[in-house]
Every structure is written in structure tokens, then in C-alpha cells.
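Both counts, for ligands and for their atoms, begin at 1 and track the order of listing.
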Amino acid sequence: MRITSVTPHLLFHALEQPFESSFSTFRARHHCLVEITCDNGLTGWGECLGPADINAAVLRSMSDMLIGRDPLQIDRIWLEIYNQFRDQGQRGLIHTALSGIDIALWDIAGKNFGVPIYQLMGGAWRTEIPAYATGGFRPEGGDHATSASAEMAACVAEGFDAVKIKIGYGIASDLAAIRAVREAIGPDTELMIDANHGYDMADAIEIGRRAAEYDIGWFEEPVVPEALSAYQQIRARQPIPVAAGETWHGRWAVNEALKQGAVDILQPDVCGVGGLSEARRILTLADVHDVRVVPHVWGTAVALAAGLQFHAILPQSPPAHEARSPRLEFDRTYNPFRQDIVTRPIEHENGIVAVPDGPGLGIEINRQALAAFAPS
Ligand SMILES: [Mg+2]
């Protein structure tokens, strides 16, 4: 089996209601998929986290290293591409593009052997994943507390028993939103907050101290991800567990963060960290440092499917009867790519999402939908 083509696919959808994280405004959903085809007709799909156009350009520049190769040499291909690009690529778009390639190669491998990817990666610990609902962004021009509390109450009504809202819009506004959401979801629903690094250390410590009374499961990306010593300080000086990792790409970046004790909870994204291969290597680092892993998931049905395969192989930790299951991050913001680009959408049932058990990623791409969402 030999690789014959590597094709980036761009997806674009303008949003009727733009929404904001602490630092960016989402006016459209824009994602980059990669399709790798082989001479025997097998096709694999992957997804790259981050700016779609630049990921596509990086993918094109990597494709020469894939044409004619045996797609089952996944580790070797990963390292050869990384070695070629490492001088400019220890973090960022080299890793996100390589992630898409790696996921597509695992999809091909699973289809070749007729098993889900998790089977090739040592077998599943679980095939049903309790999810948490991600949302609660601030609508552009809207009131955050009002919109987030209504949105999260609706998630709880759908069956979710854990939710995460965005913060980072100012201390007073954030505390008002957290209070409103806690009241709306009741005391038994887990609540997490994500600042998308919208604070500095002093404000992050203050908001952590003041938000703790609302029983917060974790405080995600309080400050910029480069500021590892600030993460240490925030962990030490406020009571909420600190989570981060969606922009720590590759084993070396993650290892540095873990060595410095930056987080209680590590959040690698398989579409950014270097694919399923690198995500699995990072599990070993998390194990050695005794840090909980709750992966980050953001994107289309391909990212969701790849994330689910990764959740399946997360080892039970700690080794106890009542060890908690890792939760799936299930984005509830409007994104037609989450459902429409696959023939069988991945959905939750009462807050639980089943890992697709078909070969590879376990999904089939709807090419008509891909064409319909291609940017004009
Ligand atoms: Mg986040």
C-alpha cells in the first residue's frame, strides 16, 4: 500500500450570531481537514487545529514527504517530517499540520486492519465517554450572564451533568456570569471556567479566590500559555485546580510544563499536539508526573472522532475502583461541521457519547457536505 495523494479540505461557514472568547471574535467557523489516499483505494481523514488556510499551506509543503510512502509506517513518517521542519516548528502550525497527517494515517491503518484505531493503540479502557458541554461564550453585543445561564441550563436539560463556560471579560462581569450559571444549573452539575488566557497573574489569582465559592471543577488557561511560572503561582495562590495544554504542542513543550508543575489537569488536543501518536506519548509524561488528562476537543466531526479514539485509550487513573472517567469536551456552539460532514453524526445521549466502533476513526465523510461548505 502506497500513498498517492494528500489533499487539504477547507470548510467555511459564516455565523449569524458572532461570539467572543476573551481575546477573539468568532464570525465564522473555519476548519482544515486533510484527506490521504492510497493506491489500493483506502482513504484516511485527519483534522488540523487552528488557522485553516495556513494549516493547508503547511500540509501542501509536507505532502512530498508522504507520496509513495507506506502509510503504515506512522511513527517513522511522523519523525521524518518533524525532523525536516523542527527548526521552525517546535510549536504551532508544524504540529497542527502534522497532527492532521498523523490522524489520517491512523484512520488508514484502522481501515486496513478492519478495527477502530483504539484497538491498534492497545485497546480501549472505555467506549462510552461522559461528556461535558462547552459553551457560554459572550455573544457579540449581548449580556454574558444572561446568555450563559440560559445556554447552560439548556445543556443540563439535555442530560449533561457537567458544563464549561468562557470567562476573561473582566472580574466583575465574570463573577456575575459564574454566579448566574451556578444558580441556573443547580448544585449538582459540575461547572468549569475557561479564561482563554484573558487574565494576568494577579487578576487570575483574585478571580480564582472569589469564584471558588461556586464550586468550580477547574480554571482553564488563566494566563498566556508561555507563562509557566505564573501557572505555578496561580496553582499555589488560589484554590481551584488549574487546567491547560491545548497550545502546548509536542512532547517537549508538554514535558516542560509538567516539569514546572504548571497544571493539575493537562488538556492535549489530538489535532494540535502532534496527532494521536504524539498524544499517546504525552500520556506517558502525564503518568510520570501524576497529572490528570482531560483532552481538549474543538472542531469538526473528524476532530470529535479522533478525540473519542484518544479518550478510549486513556488509562484508568488512579488505579482504583472508583477512578473517574475522563470527560469528553463537547462543544455546543453552533457548528454545522460537527454533524453535517459525516454520514452518521456523533451525538450525545443523556450526556454520554459512544466511541465509533467502525474501522479507523469510525466515520464516513459526506462529500456533498464538504463541497457545500468549501469557501467560495
Ligand atoms: Mg480552552
Side-chain angles (χ1 to χ4, degrees), residues 19-26 29-31 47-51 91-92 95-96 99 129 131-139 144 148 151-152 155 160 162-169 174 177-178 181 190-201 203-204 207-208 211 216-228 230-231 234-235 238 240-249 253-254 257-258 262-273 279 282 286 291-300 303-304 306-307 310-311 326-335 338:
F19 59 86
E20 299 168 334
S21 70
S22 64
F23 73 97
S24 65
T25 302
F26 293 81
R29 300 302 298 249
H30 199 187
H31 298 278
E47 180 164 341
C48 311
L49 184 67
R91 190 160 168 172
H95 271 92
T96 56
S99 297
I129 318 292
Y132 74 85
T134 281
F137 289 79
R138 183 169 73 179
H144 187 218
E151 186 186 337
M152 292 301 123
C155 290
F160 287 98
V163 302
K164 184 174 83 186
I165 64 163
K166 297 294 176 172
I167 62 167
Y169 313 104
D174 284 349
I178 293 166
V181 170
E190 288 186 37
L191 173 60
M192 286 76 78
I193 54 176
D194 182 358
N196 290 107
H197 49 76
Y199 281 112
D200 63 13
M201 181 171 69
D203 280 350
I207 200 162
I216 305 297
W218 72 67
F219 186 178
E220 181 169 328
E221 283 202 309
V223 294
V224 291
E226 304 96 311
L228 298 181
Y231 274 85
I234 294 163
R235 278 187 74 203
Q238 60 79 49
I240 304 172
V242 172
E246 66 192 72
T247 73
W248 293 332
H249 301 148
V254 172
L258 296 181
V263 286
D264 299 283
I265 295 164
L266 181 68
Q267 301 173 300
D269 188 314
V270 295
C271 299
V273 78
I282 281 162
V291 165
R292 188 188 302 167
V293 175
V294 183
H296 176 263
V297 182
W298 178 261
T300 80
L304 190 53
F310 184 48
H311 280 73
R327 281 194 181 273
L328 172 74
E329 177 167 21
F330 206 15
D331 170 26
R332 306 315 289 155
T333 60
Y334 182 67
N335 181 350
R338 205 165 39 239

For the student: nearest non-hydrogen atoms of Arg327 and Glu190, plus distance: NH2-OE2, 3.4 Å
Lys166: salt bridge (Lys or Arg N to Asp or Glu O under 4.0 Å) partners, not counting sequence neighbours: Asp194
Sum of protein N, O or S atoms, each under 2.8 Å from the Mg ion (ligand 1): 3
Salt-bridge contact Arg332-Glu151 (side-chain N to carboxylate O under 4.0 Å): no
Cation-pi check, Arg235 onto Tyr231 ring (under 6.0 Å, within 45° of axis): no
Set of residues satisfying side chain to side chain contact (heavy atoms under 4.5 Å, CB included) with respect to Arg29, sequence neighbours excluded: Leu15, Phe19, His31, Trp298, Asp331, Thr333, Asn335, Phe337
Residues forming a side chain to side chain contact (heavy atoms under 4.5 Å, CB included) with Val291, sequence neighbours excluded: Leu258, Val263, Leu266, His289
